[in-house]
Amino acid sequence: MSAPNPQLLLPSWLATAAENLPDAGLLPEGAVLVEGGTIAAIGPAKDLIGRFPNAERVDLSGHLLMPGLINLHTHAAMSLMRGIADDLPLERWLQERIWPIEGHIVSPDFVFDGTVVAAHEMLLGGVTLFNDMYFFPQASARAVLAMGMRAVVGLPVIELSTPYATGAADCLRKGLECRDMFRGEEALQFALAPHAPYTVSDASFREVVGLSAELGMSISCHIHETAQEVNDSIAQYGMRPLARLEQLGVLNPDLVAVHAVHCDARDIDRLVKYDVNVAHCPHSNLKLGSGIAPIAAMLAAGVRVGIGTDGSASNNRLDLLEELRSGVLLAKGSSQNAAVWPAHQALRSVTIDAAQALGVNRTTGSLEVGKSADMISINFSGASTQPVYDPVSHFVYCSGRDLVADVWIRGQYVVRKRQVVSEAARRTVEEVTVRQALWHNSIGELVKAGQ
Ligand SMILES: [Zn+2]
C-alpha cells in the first residue's frame with residue numbers, strides 16, 4: 001500500500017503556538033504541509049503551493065488552524081456520573097456522594113465506557129490530548145486508543161481501599177503494570193497521580209517522587225483546592241500542604257499542581273522556586289464553592305498555567321474553550337486588571353504551555369516541523385464571529401466549542417465538519433451509547449438508595 005499523498009492545509013489564519021515565540025504565532029494566509037502524520041513544512045501559503053505543487057490541497061478558508069487543545073486535568077470516566085451530586089461543597093461531594101457510589105460501581109467496564117463518553121465530548125470540542133486521573137487506568141488507556149486520541153494517563157495513588165486497589169502500595173504496583181502493558185503506544189504517556197495531600201501519606205509521596213525521577217513520569221496532584229484542606233493540614237502536620245510537599249521533594253518541574261486555589265504569597269513563591277505547573281480548573285472551583293485561584297499573581301510571578309475541566313461530576317462540562325474564557329475573565333476581574341492573561345498568551349496556555357507542563361512538547365502542543373499533526377480548525381464564517389480583526393482574540397473571547405469544525409490527530413481526520421469520522425471511534429461510541437442506558441439505571445438506583 002502506498003502512503004497517502006501529502007496534504008497542504010490552507011486556512012485563512014494559522015496560529016502555530018511555536019515554542020520559541022512569545023505569542024500565538026499568528027500567520028495570516030499561512031499553510032501547513034502534512035506528510036505521514038507529521039508536520040513537514042509551514043509557511044506562507046504562496047510559498048508552500050509553489051514548493052509542493054502535487055500535494056492535495058485542503059481549503060480551510062474562513063477557518064483558524066491551530067494546535068489541538070490540551071485538557072490539563074480531568075477524570076474522564078466520571079462522565080457517567082454527570083449531574084448526580086450538584087450544589088455540594090467538595091468535602092461533602094466526595095465523602096457523601098462520589099466515593100460511596102464509586103465504591104459500588106467502578107470497574108474496568110465503567111471506566112472504559114465513561115472515558116469513551118468523555119473522549120467523544122472532548123474531541124467535538126477540539127481537545128486532542130487530556131491529562132487523566134482515575135481508577136483502572138488500563139481501561140482509560142484502551143478507551144483513548146479506541147477513540148484515536150492522545151492522553152497522559154494518570155496512575156492513581158490513594159491510601160483508601162477502593163474497588164481498584166487496597167491502598168497506595170497496591171495502586172503503585174497496579175499502575176506500573178498498566179504502564180508496562182502499553183509500552184510503545186505512541187498515543188499514550190503515563191503519569192503518577194497521587195490524589196491529594198489529605199489522601200496520600202508521606203511515605204507514599206516519597207515513593208511517587210522516586211518513581212517519577214527514575215521513570216521520567218510527570219506527577220499530577222490536587223493541591224490547595226479548598227480552605228479546609230489547608231486548615232486541616234496545618235492542624236495535622238503543622239504546615240500548609242505545599243510546605244509539606246516541599247519537604248517531601250514533590251515540588252519540581254514535573255509536577256502539575258491541580259487547582260491551587262488557596263495560595264498565598266509564600267505558596268506562589270514555592271511554585272516559582274520549584275518551577276511547578278498549575279492546572280487551573282475555574283468552573284469546578286466555582287461550582288464546588290472552593291474559590292477563585294489567584295492566577296493573575298501566579299502569571300505575574302512566572303508560573304506556567306494551563307487549563308483543566310476537572311471531571312464531569314463537578315463541572316459538569318468538558319468544554320475547554322468555555323473553561324479558558326471563564327478562567328481568563330476571572331483572572332482579570334478578580335485582580336481588577338484587564339491586561340492580565342492576554343489572548344495570545346491564553347491560546348498558548350491550552351496548547352504549548354500545557355504540553356510543556358506534561359513533558360509531551362517534543363511530540364505535540366504546537367504546529368512545528370517534525371511534530372505530530374495534531375490540529376483543529378475553528379470556523380469563523382458564521383454571524384457570531386464576523387468580522388475577524390484578530391482570530392486569536394476571537395478564539396479566546398468569541399468562540400464556543402460548537403465552532404470547532406475539524407480535528408486531526410497524527411494528520412488523520414478524527415472529526416470532520418463537526419462529525420466523528422474515524423470508523424473505529426464511531427463504532428466505539430455506538431457500542432457505548434447502548435450500554436450507557438444500563439449505567440444510567442444502575443447509578444440512578446444507587447443515587448435513589450442514598451449511596
Ligand atoms: Zn480533579
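As the structure is a computational prediction, the values presented were derived from the model and not from experiment. Both ligands and their constituent atoms are indexed starting at 1 by order of listing.
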Task: Heteroatom of D310 nearest to the Zn ion (ligand 1) (N, O or S, atom name) - done: OD1
- [ ] Tell me whether H259 has at least one N, O or S atom under 2.8 Å from the Zn ion (ligand 1).
- [x] no
- [ ] Check the pair S290, N285 against side chain to side chain donor-acceptor pair (under 3.5 Å), reporting the backbone distance first and the verdict last.
- [x] CA-CA 5 Å; S290 302; N285 300 151; 4.7 Å; no
TODO: Tell me, please, whether F190 has R179 positioned over its six-membered ring: NZ or CZ under 6.0 Å from the ring centre and within 45 degrees of its axis?
DONE: no
Open item on the list: If I take every N, O or S atom of H75, is at least one of them less than 2.8 Å from the Zn ion (ligand 1)?
Closed with: yes
Open item on the list: Between the side chains of D202 and R244, is the shortest nitrogen-to-carboxylate-oxygen separation below 4.0 Å, so that they form an ion pair?
Closed with: yes
Task: Presence of salt bridge, E322 and R325, under 4.0 angstrom - done: no
Open item on the list: By the definition side chain to side chain donor-acceptor pair (under 3.5 Å), identify the one residue from N315, N71, D319 that meets it with T309.
Closed with: N71
Open item on the list: Tell me which N, O or S atom from H73 is the closest to the Zn ion (ligand 1).
Closed with: NE2
- [ ] Using only N, O or S atoms, tell me which atom of H222 is closest to the Zn ion (ligand 1).
- [x] NE2
